[in-house]
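Read through the structure below, which is laid out as C-alpha cells, and then see the notes.
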Amino acid sequence: MRRTGAAAAGAVAALSVVLAGCSATTSEPPIVVSHLHAVDIDDESGDIYLATHEGILRATVESGADDVRVGGVGSVERLGAWRGDVMGMVRLDDTIYLSGHPAPDTDAPMNIGVYTTDRSGAEFASLALEGDADFHSMAVMAAADGSTALAGIDSVTGRVVVSRDGGATWSAGAALGARSVSWDADAEHLFATTEQGLQVSIDDGATFTLVDSAPVLLLISAPPPSTPTGGLLMGLDLDGRVHLSADGETWTPAGLAPPGTEAIAVGRRGTLVAAGLDGVHRSDDRGATWSIVAEF
C-alpha cells in the first residue's frame, strides 16, 4: 500500500494549539483551519477528530475526558504529520477512513481515494480508489455479519459509492447530488440528505426513495456500532436545528446547534458534537445546551 509523508500546510486563520512533540525551542507554525468537513467523537477517550483542509486535527482536554463532559476547554493538535485536504472522514474502532486531496508539494494523484490511519496518526496508507474518487461525505458501520460497510459521496461522479468488504471492492450507485450519508445501526439502510429531502436506500445505494416523514436535513450522522438500544440518528436541518430519530423515519426536533456548525457527530452514549470554524461544541442533553470543547 502507498505510504504518505508530511508537507507544508497553507494558512488562512490562526488556530492556537498544543503541538505534540514540540519543545520550548522548536515548534511548527500555528495550525490553521480554513475549512472543516467532518467530525468524530471517541467515546473511550473523549477525544474529538476533525477533518480539515489542513489535515486531521484532534481536540482534547489535557486533564481527561471527564472535564470535557462538564465543559472544559481543551487543546487542539495535529494527528500525525500528513497535511492533505480531508473532505470526508469516519472512524470504526481504531481505524480512521479519509478521503480528499493530497498534501501540497507531493506527487500523489489529485484525488486520494480512500486512505486509512489509526488514532495515533503515525502512518497514513492508501486503501482504495486512489486517483479515482474524492468522497465529500463518508459513512462506516459494522454489519451484522461482521463485515465493514463503507459508503461515500463521490464528487467526481456525483454518485453514492459503497463497499461491503472494508474497502476491498466498491460498487457505484445512484447519482443524487447528496450532501451527507449515514448508515443505520445495522448497515442495512443507507440514508442521504438531498435538496428534495432525506432519502434512504435498502440496496446499497443503487436506488433511493424519499422519507416523507423526515424533515429536510443538511447533515446526518449515526452513532458507532454496539450502541445500547441502537442509539439515535442525528440530523441538522437548514435552520440549524437538531433532529433525532431511532429509525430514520420518525424524527423529533431538539435544540439548536451552535451557529456556524458545519459538521456533526453522535457518540455511543448519546453525546452530540457540532463543529465549525469557530470551534467544537458538545451536548449531553440532546441538544438543549452546548458546552465548548475547543476554540479555533
Side-chain angles (χ1 to χ4, degrees), residues 15 17-20 31 33 36-52 54-82 86 88-99 114-125 127 137-142 148-150 166 182-183 185 187 219-228 230-234 258 261-276 279-284 286-287 290-296:
L15 166 64
V17 297
V18 175
L19 292 173
I31 296 175
V33 175
L36 192 149
H37 305 295
V39 63
D40 170 80
I41 179 170
D42 185 340
D43 291 285
E44 295 179 8
S45 65
D47 291 346
I48 293 173
Y49 298 93
L50 304 161
T52 79
E54 293 76 28
I56 298 177
L57 306 181
R58 176 169 52 205
T60 186
V61 168
E62 294 176 10
S63 53
D66 287 342
D67 285 344
V68 178
R69 287 194 286 272
V70 298
V73 179
S75 60
V76 177
E77 63 183 7
R78 188 184 305 283
L79 184 72
W82 190 78
V86 186
M89 180 193 72
V90 288
R91 182 182 59 85
L92 181 62
D93 299 325
D94 192 45
T95 301
I96 298 173
Y97 301 86
L98 61 142
S99 187
V114 180
Y115 277 21
T116 60
T117 188
D118 62 19
R119 285 178 285 190
S120 73
E123 188 174 39
F124 286 72
L127 174 67
S137 175
M138 298 181 70
V140 66
M141 191 63 67
T148 297
L150 287 160
S182 179
W183 294 106
L219 302 173
I220 188 170
S221 180
S226 305
T227 298
L232 293 173
L233 289 164
M234 176 187 182
T261 293
E262 297 184 6
I264 60 173
V266 56
R268 183 172 287 115
R269 293 187 289 267
T271 299
L272 309 182
V273 177
V280 185
H281 295 76
R282 63 178 283 159
S283 173
D284 294 296
R286 298 193 172 190
W290 297 84
S291 59
I292 187 74
V293 175
E295 295 177 322
F296 297 165

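- Nearest heavy atoms, D42 versus E44: OD1-N, 3.0 Å.
- Partners of R286 under the side-chain hydrogen bond (donor to acceptor under 3.5 Å, both in side chains) rule, at least two apart in sequence or in another chain, do not exist in this structure.
- Of all non-hydrogen atoms in M141 and P223, the two that sit nearest each other are CE-O, 3.3 Å.
- The structure places CG of L57 at 12.5 Å from CG of D47, a figure rounded to the nearest 0.5 Å.
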Practice problem: Give the intermediate values and the outcome of side chain to side chain contact (heavy atoms under 4.5 Å, CB included) for residues S99 and M138. | Solution: CA-CA 8 Å; S99 187; M138 298 181 70; 3.9 Å; yes
Quiz item: Does the pair V86 and Y115 meet the rule for a side chain to side chain contact (heavy atoms under 4.5 Å, CB included), with working shown?
Solution: CA-CA 10 Å; V86 186; Y115 277 21; over 6 Å; no
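- One finds the OH atom of Y97 at 11.5 Å from the CZ atom of R91 (value rounded to the nearest 0.5 Å).
- Note: D284 CG to T271 OG1 = 4.0 Å, rounded to the nearest 0.5 Å.
- Classification of the W82-F124 ring pair by plane angle, with boundaries at 30° and 60°, yields parallel.
- Listed here is the closest heavy atom pair of G166 and L127: O-CD2, 3.5 Å.
- Of the inter-residue distances, the one linking S45 atom OG with R58 atom CZ reads 8.0 Å to the nearest 0.5 angstrom.
- Looking only at distances, no side-chain donor or acceptor of S283 sits under 3.5 Å from a matching main-chain atom of L272.
- Annotation: side chain of S291 is not in contact with side chain of H281 (no heavy-atom distance under 4.5 Å).
- Contact annotation: the side chain of T117 approaches that of L98 to within less than 4.5 Å [non-hydrogen atoms, C-beta and beyond].
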Exercise. Show the numbers, then the answer: is there a side chain to side chain contact (heavy atoms under 4.5 Å, CB included) between H37 and T52?
Key: CA-CA 6 Å; H37 305 295; T52 79; 5.9 Å; no
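- Annotation: the span from D93 atom CG to T148 atom OG1 amounts to 8.0 Å, rounded to 0.5 Å.
- Side-chain atoms of S221 do not come within 3.5 Å of backbone N or O of M234 as any donor-acceptor pair.
- Using a 4.5 Å heavy-atom threshold, the side chains of D40 and V90 count as separate.
- The minimum heavy-atom distance linking I96 with R119 is given by the pair CD1-CA, 4.4 Å.
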Self-check item: Steps toward side chain to side chain contact (heavy atoms under 4.5 Å, CB included) verdict (V39, I48)
Solution: CA-CA 7 Å; V39 63; I48 293 173; 3.4 Å; yes
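- Taking both residues in full, the closest heavy atoms of G279 and F296 are given as N-CD1, 3.7 Å, listed atom of the first, atom of the second, then distance.
- Contact record, A139 with S182: CB-CA, 3.8 Å, taken as the closest heavy-atom pair.
- Judged by distance alone, the side chain of W183 and the main-chain N or O of A149 form a donor-acceptor pair under 3.5 Å.
- Between V280 and L50 the shortest side-chain heavy-atom distance falls below 4.5 Å.
- The closest side-chain heavy-atom distance from P224 to L92 is not below 4.5 Å.
- Checking side-chain atoms of D43 against main-chain N and O of G46 turns up no donor-acceptor pair under 3.5 Å.
- Summarising the geometry, atom CD1 belonging to I292 is positioned 12.0 Å from atom CZ belonging to R282; distances are rounded to the nearest 0.5 Å.
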